[in-house]
Amino acid sequence: MSSAELIRSFLTDRLGIEPAQVEPASLLADLGVDSLMLAELMFEAEDRLGIEIPSDLPLSRTVADMQAALDSLTLLKTG
């Protein structure tokens with residue numbers, strides 16, 4: 001599962017967002033993601049992608065920010 005698929009399915013399943021609404025430039029807050037939901041997304045990413053997200057990782061504001069953060073951590077794991 002790619003980070004983009006993970007984010008899209010998480011937001012669709014948890015918030016009922018249409019998949020087409022999950023655009024890279026979309027602000028997570030505008031999609032209904034609050035700090036608790038963001039933490040849940042991070043935990044799910046750790047489980048599904050097999051990565052460890054550091055506690056000092058800057059908060060993502062957009063879908064693209066989140067995807068880039070998850071992709072970079074995935075590359076570190078496999079690199």
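When reading the values below, keep in mind they use all heavy atoms of this one structure, side chains included, and skip hydrogens, waters and symmetry mates.
Each of L41 and L36 belongs to its own hydrophobic cluster when Ile, Leu, Val, Met, Phe, Trp and Tyr are linked at side-chain heavy-atom distances under 4.5 angstrom. With hydrophobic clusters built from ILVMFWY side chains whose heavy atoms lie under 4.5 angstrom apart, F43 does not share a cluster with L6. Side-chain heavy atoms closer than 4.5 Å link hydrophobic residues (I, L, V, M, F, W, Y) into clusters, and following such links, possibly through other members, connects L76 to M66.
Using a 4.5 Å heavy-atom threshold, the side chains of E46 and L73 count as separate. The closest side-chain heavy-atom distance from Q67 to T62 is not below 4.5 Å. The shortest distance between side-chain heavy atoms of R8 and V63 does not fall below 4.5 Å.
Judged as a salt bridge (charged side-chain N to carboxylate O under 4.0 Å, His left out), the pairs with a partner in residues 48-61 (not counting sequence neighbours) are, in order, E44-R48.
To the nearest 0.5 angstrom, I7 atom CD1 is 9.5 Å from S9 atom OG.
The shortest heavy-atom contact between I17 and L31 is CD1-O, 3.1 Å. The shortest heavy-atom contact between L49 and K77 is O-NZ, 2.9 Å. Closest of all the heavy-atom pairs between I51 and A45 is CG1-O, 3.9 Å.
Looking at S3, its side chain never comes within 3.5 Å of a backbone N or O of L70 through a donor-acceptor pair.
A donor and an acceptor atom, one from each side chain of D71 and T74, are nowhere located under 3.5 Å apart.
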Show which side-chain atoms of residues 21-29 pair as donor or acceptor with protein atoms under 3.5 Å away, not counting sequence neighbours.
residue : atom : partner : partner atom : Å
Q21     : OE1  : E18     : N            : 3.1
S26     : OG   : Q21     : O            : 3.2
S26     : OG   : E23     : N            : 3.2
S26     : OG   : E23     : O            : 3.2

